[in-house]
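Working notes, structure below.
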2 protein chains.
Amino acid sequence: MEITFKAINDPTRREILVFLIGGAQNAGEIAKQFSMSKPSISHHLDLLKQGNLILAEKKGQYIIYSLNRSGFELVHGWFQGFTQYFEFPKPKIRL
Amino acid sequence: MEITFKAINDPTRREILVFLIGGAQNAGEIAKQFSMSKPSISHHLDLLKQGNLILAEKKGQYIIYSLNRSGFELVHGWFQGFTQYFEFPKPKIRL
DNA sequence: TAAATATTTAGACATTCGTTTAAATATTTA
DNA sequence: TAAATATTTAAACGAATGTCTAAATATTTA
């Protein structure tokens, strides 16, 4: 919980998540999107992984990153209480 | 956007938000819930207000805090892209 | 096996963050 | 108007965060 919110807190990490909506990518391709060193991006990817927001799969010398449902569900679940408070339509999550 | 995510990032601030689901409260009542100085809580309330997650209304010598829809809608909107990616049911927000 | 490529780990450093105590402001009550 | 109550503002400080460069690890290619 704590680490997931922390992971979402940084703007670069949020941009990485949005970028991955377009599909899985390796670390190098992700890093190309940002004017920031590769080690910095690597660190951000690590935090997103810790927050269960992305998955990492090693494919040869590359590491492919993709969005991970579980972190998003955690946050989504936390927000449900407020969603109800404001009378948004009940979400009825399909798992 | 940035300030709203930042506001949500801290565990004490998230607890304050959850506490306010139970209804509006003045600063003193909120502070009582936490083993932390009043100035700290005051600071957290300020950040939540900046993030449009709570509203502050002065009532005599008290300040009444309550949940603010707009900050939650901002975050909810940001998550919609992922919600769709994971094929959650479409939220159809009622404004 | 040596060189090249992909990515991470380690260490350093400035900035931001959360907390505290003390002081200031605003409102109500005696 | 003076004292009490509610809350914030200010200043200080240690801890956490994000970034960088340099070095290490792993894999592929020549």
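Since we're looking at a predicted model, the values are computed, not measured. Chain letters run A, B, ... following the sequence lines, proteins first, then strands; residues in each count from 1.
Contact annotation: the side chain of A:Glu2 approaches that of B:Arg14 to within less than 4.5 Å [non-hydrogen atoms, C-beta and beyond]. Two residues are said to be in side-chain contact when any heavy atoms from C-beta on lie closer than 4.5 Å; A:Phe79 and B:Ile8 meet this criterion. In this structure, the side chains of A:Lys6 and B:Asn9 come closer than 4.5 Å at one or more pairs of heavy atoms.
When every heavy atom of B:Asn52 is checked against every heavy atom of B:Ser70, the shortest pair comes out as CB-OG, 3.4 Å. Nearest heavy atoms, B:Met36 versus B:Ser40: CG-CB, 3.5 Å. In plain terms, the two heavy atoms of B:Ala31 and B:Lys38 that are nearest each other are CB-CG, 4.0 Å. Shortest non-hydrogen contact noted between A:Thr4 and A:Gly51 is OG1-O, 3.0 Å. Shortest non-hydrogen contact noted between A:Ala7 and A:Leu53 is CB-CD1, 3.7 Å.
Proximity of residues 23-33 of chain A to DNA chain C (heavy atom under 4.0 angstrom from any strand atom) is restricted to A:Asn26, A:Ala27, A:Gly28.
If you take NE2 of B:His43 and C1' of C:dT21, they are 16 Å apart, rounded to a whole angstrom. Protein atom CD1 of A:Ile16 is 12 Å distant from nucleotide atom C1' of D:dG18, rounded to whole Å. A:Glu2 places its CD atom 13 Å from the C1' atom of D:dT17, with the value rounded to the nearest Å. Between A:Phe5 atom CZ and D:dT17 atom P the separation is 16 Å, expressed in whole Å. One can place CG of B:Asp46 at 15 Å from C1' of C:dT19, the figure rounded to the nearest angstrom. As a whole-Å value, the separation of B:Ile41 CD1 from C:dC17 C1' is 15 Å. Rounded to an integer number of Å, the gap from OH of A:Tyr65 to C1' of C:dA6 is 11 Å. Spacing between atom CD1 of B:Ile54 and atom C1' of D:dT7 amounts to 13 Å, rounded to whole angstrom units.
The shortest distance between the side-chain N/O atoms of A:Tyr62 and the OP1/OP2 oxygens of C:dT8 is not below 4.0 Å. Between B:His44 and C:dT19 there is a side-chain N or O to OP1 or OP2 distance below 4.0 Å. Not one side-chain nitrogen or oxygen of B:Ser42 sits closer than 4.0 Å to the OP1 or OP2 atom of D:dT7. Here B:Ser40 does not reach the OP1 or OP2 of C:dT19: none of its side-chain N or O atoms lies under 4.0 Å away. The phosphate of C:dA26 has neither OP1 nor OP2 within less than 4.0 Å of any side-chain N or O from B:Lys58.
If you check D:dC20, D:dT17, C:dT7 against the side chain of A:Met36, the one that comes closest is D:dC20. The side chain of A:Pro39 lies closest to C:dA10, out of C:dT21, D:dG18, C:dA10. Across C:dT7, C:dT27, D:dT8, the shortest atom-to-atom separation from the side chain of B:Lys38 is found for D:dT8. Each of D:dG18, D:dT21, C:dC17 was ranked by its minimum atom distance to the side chain of B:Lys6; first place goes to C:dC17.
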- Task: Represent DNA chain D in dot-bracket notation, 5' to 3'. Only Watson-Crick or G-U wobble pairs with both distances under 3.5 Å count; pseudoknot-style crossings use [ ] and interstrand partners use |.
- Result: ||||||||||||||||||||||||||||||
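Where A:Arg13 and A:Lys59 meet DNA chain D, the nucleotide closest to each residue was compared, and A:Arg13 sits on the side nearer the 5' end. Summary of the strand contacts: A:Ile63 and A:Asn9 both lie near DNA chain C, and taking for each the nucleotide with the nearest heavy atom, the more 5' one is attributed to A:Ile63.
Below the 3.5 angstrom threshold, one finds no donor paired with an acceptor across the side chain of B:Gln61 and the base of C:dT28.
Under the 4.5 Å side-chain heavy-atom criterion for grouping Ile, Leu, Val, Met, Phe, Trp and Tyr, A:Ile64 is not connected to A:Leu47 through any hydrophobic cluster.
Between B:Trp78 and B:Phe5, the ring-plane angle classifies as perpendicular under the 30° and 60° cut-offs.
For the pairing with A:Tyr65, the side chain to side chain contact (heavy atoms under 4.5 Å, CB included) check across A:Leu55, A:Asn26, A:Ile16, A:Ile54 returns one residue only, A:Ile54.
Among the atoms of the strands shown, none is found under 4.0 Å from any heavy atom of A:Phe34.
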